[in-house]
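A quick write-up on the structure given underneath.
In what follows, chains carry the letters A, B, and so on, assigned in the order in which the sequence lines appear, proteins first and then strands, with residues in each chain numbered from 1.
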Amino acid sequence: MLLIDLIYLSQKSLRSNILRSILTSLGIIIGVSSVITMISIGSGAREEVEKLIDRFGSNNLILRSQSSSSRGVSMGSNSINTLTLSDMENLKNELPAIKAIAPQVSLSTQILANNNNWLSSVTGTNNEYFELGNWSFETGRKFEEDELLSGKRVAIIGKTVQKNLFEENNPIDEIIRINKVPFTVIGILEAKGGTAWRDLDDTIVVPLKAAKQRLVGKKFPGDQIRSMTINVSSSDLLSKTEKDIDTVMRKLHKISANGNPDFVVRNFAQFLNARQESSKVMSILLATVAGISLIVGGIGIMNIMLVTVTERTKEIGVCMSVGAKKKDILYQFLIESLMISLIGGGIGIILGIGVVYGVSEYFNWKMKLDYISILLSFGFSSSIGIIFGFYPARKASNLNPIDALRYE
Amino acid sequence: MIEINDVSKEYIMGDNSLLALNKVSIKIDNGEFISIMGASGSGKSTLMNIIGCLDIPSSGNYNFNKKDISKFNSNQLAELRNNEIGFVFQNFNLLPRLSALENVTLPLMYSGKSPKNRNDLAIKALEEVGLKDRIHHRPNQLSGGQQQRVSIARAIAGTPNIILADEPTGALDSKTSSEIMKILKLLNNKKITIILVTHEQDIALYGERIINMKDGMIIEDKKNVIN
């Protein structure tokens, strides 16, 4: 018998019992949509974490100054800059796990060039900044050693700044005025794209010394800096180094172990881990739901197929009397259960895609529809149809023609 | 064509056993029209099921076209039913979800004929039983007589040598019955062997040879001269 005939006959009998077919596939529907949601949550979380790592670098700790509220008055996070370059040197000397440190001062200010003006954030730092932040150069170069030492007025600009000030023109060697101070553009950073909260490419990087002398002198007197990005040699040492930094900094700033610190250490990896962990829990939960509903769905299919075989015993006898072989009957019922499970799979896939889009739209939970999950769902539902449909189909095919024909 | 020697069929139900056929021997030639008669429980249906390869004898042997089919497996039996034998049942036994045409096509599907080829054959068969204008009706949209004609068309679609009709008029009124019997007679004129099981005398008289059965044995086997 041709496959197309088997499919034709199967859909005829499924359509004559359309409500029953759909109810039967309910387990598969729920199972498959859970599989899709589960995988989408997983890959959404993974993608987000990868993006974050790509943007902010991995194995980085951020140390920044924090207003102490020692006299009961909060001074606001920008009011006191307690971190200094000598803190940085001390940390580097005391903690061998630290691979590199990029000190930073920053301000937000008006930039003028080419008769355009643009408000952007300016960071004063050193060459480590590019490496730790995963920045690469589209054109141009990093700072030269003597430019850093002398605080030369050179600037490396992000893609957004380039577009807004220079449009399509080449900005290298052009002058931009930051806070009216002229800087020469020496490089362009490759675009990273936006995050939910800000455009990372809307940035200008200048030598730390140039920034301190020319741009933020009043705010950061002496060797004060705003923050530092600290790169740790391996991810295993992250939490330990975080604690060590706290200890060393308390010693340097003469703060007791239970006193209010004037700095804060942020462990980015920890934040990422927590995030990954919570999506993992969600995935496990959904995997359980998926597994249970697929099995229950499979048993449902088996149950209804057994009913169908009994109901249609006489019909099977008729088919055998006109020449149906055992395998014709077997395939007929297998295809029927396969179709039920594929209908369930199809509806489940649509439902799953709906859930994925709905949740990521309305709850702002990052999910990414993975096409593998659709393939996987098809695989799951068809194998369930075949596995759980096999027993009833075999039962049908093993009927004795005359017994089946006489069945009332 | 058909040669049955000393065939018995025993049904075992718990401690009791029932001998439905007791050492029956019969020879049927090509193109015969045979009526098998007998009261219910006489073994006539059992004999017919064995001839139709729906049931297997407990003992004895059965040669079909000089082949001993007691050694056939279920696939070979299915092929034999498909190619050589057409069944007509008392209750028509059409598949309710399929149209008349699809019902007639069913045996041709199982023999693996191409869609075009089998459609032509099925339409031809329906024409032969006079149902050309109702091929897309479903069984529940047809009268009893029409359903029985569809089932005859299904039986002849695969151009078999034998038609086995088990009480084909049992569910029909007398006028429709005679129409059906005329169709069977017509088919017999085309050299198709007809084996008819009935308990109605006037229906049996369509046959050229009448076999009477009682208690699993043939008690009479006579020629019937049709005027």
Side-chain angles (χ1 to χ4, degrees), chain A residues 1-21 305 307-336 339-340 393-408, chain B residues 9 11 20 45-46 48-50 52-57 73-99 102-115 117-118 138-140 151 153-158 160 164 166:
Chain A
M1 196 166 194
L2 302 173
L3 182 64
I4 184 97
D5 295 333
L6 287 169
I7 292 171
Y8 179 78
L9 292 177
S10 300
Q11 60 90 22
K12 275 256 174 191
S13 59
L14 288 182
R15 272 178 26 184
S16 69
N17 261 319
I18 201 146
L19 182 65
R20 185 162 98 181
S21 310
M305 288 311 294
V307 171
T308 306
V309 168
T310 309
E311 273 177 358
R312 279 162 50 193
T313 301
K314 198 176 176 88
E315 204 174 291
I316 294 165
V318 173
C319 288
M320 285 174 159
S321 76
V322 301
K325 293 175 185 158
K326 275 185 180 192
K327 68 169 204 293
D328 293 324
I329 304 291
L330 182 82
Y331 289 162
Q332 164 96 58
F333 283 93
L334 264 187
I335 282 174
E336 251 173 65
M339 277 169 94
I340 292 179
R394 219 177 85 98
K395 201 178 157 201
S397 71
N398 278 341
L399 284 168
N400 194 8
I402 190 64
D403 294 339
L405 204 53
R406 279 205 192 123
Y407 185 88
E408 292 297 339
Chain B
K9 180 73 189 178
Y11 292 107
S45 286
T46 307
M48 161 122 160
N49 292 332
I50 284 174
C53 302
L54 290 170
D55 212 350
I56 301 156
N73 63 25
S74 76
N75 270 349
Q76 288 170 309
L77 289 175
E79 259 171 47
L80 192 73
R81 287 196 294 268
N82 192 251
N83 297 326
E84 306 279 353
I85 303 168
F87 290 93
V88 178
F89 300 101
Q90 177 176 6
N91 298 317
F92 327 130
N93 281 347
L94 299 172
L95 302 195
R97 292 178 302 276
L98 303 184
S99 70
E102 286 162 348
N103 264 293
V104 176
T105 314
L106 196 65
L108 305 172
M109 285 185 182
Y110 288 123
S111 61
K113 291 215 164 45
S114 75
N117 193 351
R118 69 189 187 210
R138 281 199 281 162
N140 60 8
S151 110
R154 180 178 66 188
I156 62 174
L164 294 175
D166 190 356

Item to complete: State whether a side-chain donor-acceptor pair under 3.5 Å links A/E336 with A/T308.
Response: no
Fill in: Side chain / backbone / both / neither for B/P96 at chain A, heavy atoms under 4.5 Å
side chain
Discussion item. Which atoms of A/R15 are under 4.5 Å from chain B, going by heavy atoms: the side chain, the backbone, both sets, or neither?
Written reply: neither
Discussion item. Counting only non-hydrogen atoms closer than 4.5 Å, does B/N93 touch chain A with its backbone (N, CA, C, O), its side chain (CB onward), both, or neither?
Written reply: both
Item to complete: Please answer whether the main-chain N or O of B/I56 pairs with a side-chain N or O of B/K9 as donor and acceptor at a distance below 3.5 Å.
Response: yes
Worksheet item: Does some side-chain heavy atom of A/L6 sit less than 4.5 Å from a side-chain heavy atom of A/Q332?
Response: yes
Discussion item. For chain B, which candidate among A/S16, A/A324, A/G317 shows the most heavy-atom pairs at distances under 4.5 Å?
Written reply: A/A324
Worksheet item: Is there a donor-acceptor pair closer than 3.5 Å between any side-chain N or O of B/R154 and the backbone N or O of B/L106?
Response: no
Response to the item:
With chain B, the option among A/V318, A/I4, A/N400 that has the most non-hydrogen atom pairs under 4.5 Å is A/V318
Item to complete: Check whether A/L405 gets within reach of chain B through its side chain, its backbone, both or neither, counting any heavy atom under 4.5 Å.
Response: side chain
Worksheet item: Looking only at atom types and distance, does a side-chain atom of B/N82 sit under 3.5 Å from a main-chain N or O of B/A78, one as donor and one as acceptor?
Response: no
Discussion item. Tell me which of these, A/K327, A/M320, A/K325, has more heavy-atom pairs under 4.5 Å with chain B than the rest.
Written reply: A/K325
Worksheet entry | Beyond-backbone contact of B/F87 with B/R81, side-chain heavy atoms, under 4.5 angstrom | yes
